[in-house]
Amino acid sequence: MIGSLQAKKLPSGKQYYYARISYTDPLSGKICHKCLTTGLETKNNKRRAEQVLMELLDTNAYLKQPPKQLNANVDPHIKLTCYLDR
């Protein structure tokens, strides 16, 4: 998982830092990107934005993990109504 900071200028004229996270999708193997806001203006907030980026990388680490497998006891050909009755 890789992250970088980008500055984006809003129509109001202020510039804010955004975190761009790149990761490999475990199911398809494709590289995906996610853009998250840090809520910090670009002026005098470079170090704080880098700290927020590291926190976002930690909180979004689940994106690299494959989804949990279904329970082996569940019949894959079961009807929804029968499953809900259980």
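Since the structure is predicted, the reported quantities are computational estimates derived from the model, not experimental observations.
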Spacing of Y18 atom OH and L56 atom CG [to the nearest 0.5 Å]: 13.0 Å
In Å and rounded to the nearest 0.5 Å, what is the CE to NZ distance from M1 to K34? 8.5 Å
Is there a path of hydrophobic side-chain contacts, each under 4.5 Å between heavy atoms of I, L, V, M, F, W or Y residues, that connects Y62 with L57? yes
Calculate, to the nearest 0.5 Å, the distance between atoms SG and CD belonging to C35 and Q6 respectively. 6.0 Å
Out of curiosity, E41 CD to L10 CG, how far, rounded to the nearest 0.5 Å? 9.5 Å
Treating Ile, Leu, Val, Met, Phe, Trp and Tyr as nodes and any side-chain heavy-atom pair under 4.5 angstrom as an edge, say whether I31 and I21 lie in one connected cluster. no
If I compare all heavy atoms of T42 with all of A7, which pair ends up nearest, and what's the gap? CG2-CB, 3.6 Å
Let me check something: do M54 and L63 share a hydrophobic cluster, defined by ILVMFWY side-chain heavy atoms less than 4.5 Å apart, either directly or through other members? yes
Against Y17, only a single residue in T37, T38, L53 fulfils side chain to side chain contact (heavy atoms under 4.5 Å, CB included); can you say which? T38
Please check if V52 and L36 belong to a single hydrophobic cluster, counting links between Ile, Leu, Val, Met, Phe, Trp and Tyr side chain heavy atoms closer than 4.5 Å. yes
